[in-house]
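The block underneath contains the structure these notes are about, expressed in structure tokens.
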Amino acid sequence: MTQLEQIIKDRNLALVFRQFLYNRFNNENFSFWLEAENYKYLDKSEMDIRSKAIFAKYFLADSKYELNINFQDRKDLEDKINKNSATSDTFDRIQNDIKKHMETDAIPLFLKSDDYKKYKESQTISVPDRDRSVTVGMIEEFFKNRQLGTQN
């Protein structure tokens, strides 16, 4: 099990991680990873619409949450989405790159942070309501999808 999977399996720890990233102005990586993971469980009929929304949110030049990816990956993704040929693996390559980046950068810092230490000592969280709403929704969708995936 990877470090990210260990974090995400604990809903509260995932929220603490998200807050840590938010405080470091780096939460878009985790948010994208969650959205890409949840995207895999959509019906094909929903994929084209959701893929365009995810692309607009994370990959357009003027996006508030723009991710830094190489030009060719961005172009390939844009072409696939514009051709309405989105599939469950549409975001896999970029999602894997983001995961590797988090596991070599953000997660080691998080595991050394006071936020992580405090959580491990108390197993309680203090996350502002504004941050909880979107993240909790994505995390709950993630766990629901994982549960459905194991039933199939």
Side-chain angles (χ1 to χ4, degrees), residues 1-43 46-47 49-71 73-74 76-77 81 86-152:
M1 185 178 306
T2 68
Q3 291 175 320
L4 182 57
E5 289 166 340
Q6 289 175 351
I7 290 170
I8 196 71
K9 76 177 185 175
D10 179 337
R11 288 172 173 87
N12 289 335
L13 183 57
L15 288 170
V16 173
F17 179 58
R18 164 58 171 77
Q19 185 64 34
F20 171 80
L21 293 174
Y22 181 81
N23 291 338
R24 295 185 71 236
F25 306 101
N26 196 13
N27 58 302
E28 64 278 353
N29 287 332
F30 186 51
S31 294
F32 167 74
W33 186 88
L34 280 170
E35 284 199 60
E37 195 65 21
N38 290 334
Y39 170 85
K40 295 174 185 178
Y41 294 91
L42 295 174
D43 291 332
E46 299 175 84
M47 285 186 176
I49 293 168
R50 182 76 73 91
S51 66
K52 289 175 182 169
I54 292 171
F55 184 84
K57 184 174 182 178
Y58 296 104
F59 302 105
L60 289 180
D62 60 350
S63 169
K64 180 178 174 182
Y65 305 104
E66 183 181 4
L67 294 174
N68 185 16
I69 63 170
N70 72 53
F71 174 80
D73 285 347
R74 185 190 177 288
D76 291 347
L77 180 61
I81 290 170
T87 61
S88 62
D89 66 351
T90 295
F91 297 103
D92 280 1
R93 180 183 169 110
I94 297 166
Q95 184 187 22
N96 287 332
D97 288 347
I98 294 292
K99 180 180 177 181
K100 286 176 192 171
H101 176 70
M102 285 192 296
E103 289 186 338
T104 59
D105 179 42
I107 292 174
L109 291 174
F110 172 65
L111 295 176
K112 294 175 187 172
S113 73
D114 288 339
D115 295 335
Y116 177 75
K117 290 173 188 167
K118 286 177 190 173
Y119 175 75
K120 289 312 257 183
E121 289 170 6
S122 67
Q123 299 291 306
T124 59
I125 60 172
S126 175
V127 178
D129 287 339
R130 183 187 64 77
D131 292 333
R132 289 179 53 92
S133 61
V134 171
T135 304
V136 168
M138 282 193 284
I139 290 172
E140 291 302 323
E141 185 178 353
F142 171 81
F143 279 104
K144 182 184 92 180
N145 288 334
R146 281 283 170 104
Q147 186 176 28
L148 290 173
T150 60
Q151 293 174 358
N152 293 335

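Owing to the predicted nature of the structure, the values given are computational and were not obtained by experimental measurement. For the single chain, residues carry numbers from 1 onward in sequence order. All values below come from the heavy atoms of this structure, side chains included, with hydrogens, waters and symmetry mates left out.
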With sequence neighbours left out, write down each residue that passes ring-ring contact (aromatic ring centres under 6.0 Å, His included) with Y116, or none if nothing qualifies. F110

For the pair R93 and D76, find out whether any cationic side-chain nitrogen is under 4.0 Å from an anionic carboxylate oxygen. no

With a cut-off of 6.0 Å (strictly less than), are more than 12 heavy atoms of other residues, nucleotides or ligands near CG of L109? yes

State the CZ-CZ distance between F91 and F55, to the nearest 0.5 angstrom. 8.5 Å

With salt bridge (charged side-chain N to carboxylate O under 4.0 Å, His left out) as the test, would you mind laying out the steps for K57 and E66 before giving the verdict? CA-CA 7 Å; K57 184 174 182 178; E66 183 181 4; over 6 Å; no

What verdict does the side chain to side chain contact (heavy atoms under 4.5 Å, CB included) test give for R24 and Q19, after you've listed the backbone C-alpha separation in whole Å, the side-chain angles of each residue and the deciding distance to 0.1 Å? CA-CA 9 Å; R24 295 185 71 236; Q19 185 64 34; over 6 Å; no

Distance col, row L15:CG vs I7:CD1, nearest 0.5 angstrom, shows 12.0 Å

Roughly how far, to the nearest 0.5 Å, is OG of S122 from CG of N12? 10.0 Å

Is a side-chain donor or acceptor of S31 paired with a backbone partner of N27 at a separation under 3.5 angstrom? yes

Given side chains that start at C-beta, do those of D10 and Y119 come closer than 4.5 Å, heavy atoms only? yes

Note, R74 side chain near L60 side chain (heavy atom, < 4.5 Å): yes

Distance from I98 atom CD1 to L67 atom CG, nearest 0.5 Å? 4.5 Å

Quick check: closest heavy atoms across I81 and T90, and the distance to 0.1 Å? CG1-CG2, 4.4 Å

Is it true that Y39 and E46 share a donor-acceptor pair across their side chains at a distance under 3.5 Å? no

Quick one: pull up CD1 in I107 and CG in L4 and give me the separation to the nearest 0.5 Å. 4.5 Å

Closest approach of E35 and Y58, non-hydrogen atoms and distance? OE2-OH, 2.7 Å

Whether R18 side chain and F30 backbone form a donor-acceptor pair below 3.5 Å: no

N70: partners by side chain to side chain donor-acceptor pair (under 3.5 Å), with sequence neighbours left out: D73

Output for pair (T104 OG1, M102 CE), nearest 0.5 Å, gives 10.0 Å

With sequence neighbours left out, write down each residue that passes side chain to side chain donor-acceptor pair (under 3.5 Å) with D89, or none if nothing qualifies. T87

Evaluate whether atom NZ of K52 has more than 12 neighbouring non-hydrogen atoms of other residues, nucleotides or ligands under 6.0 angstrom away. yes

Side chain to side chain contact (heavy atoms under 4.5 Å, CB included), that's the test. Do S113 and K118 meet it? Break it down for me. CA-CA 9 Å; S113 73; K118 286 177 190 173; over 6 Å; no

Kindly indicate whether the side chain of I8, heavy atoms from C-beta on, has any atom under 4.5 Å from the side chain of L13. no

Working for side chain to side chain contact (heavy atoms under 4.5 Å, CB included), residues L21 and E28: CA-CA 8 Å; L21 293 174; E28 64 278 353; over 6 Å; no

Quick check: closest heavy atoms across Q95 and E37, and the distance to 0.1 Å? NE2-OE1, 2.8 Å

Counting only N and O atoms by type, is there a donor-acceptor contact under 3.5 Å from the side chain of D105 to the main-chain atoms of H101? no

Taking the six-membered ring where the residue is Trp, are the ring centres of Y65 and F32 under 6.0 Å apart? no

Nearest non-hydrogen partners of F59 and I54, listed with the distance: CD1-O, 4.0 Å

Is it true that the side chains of K99 and Q3 contain a donor and an acceptor less than 3.5 Å apart? no

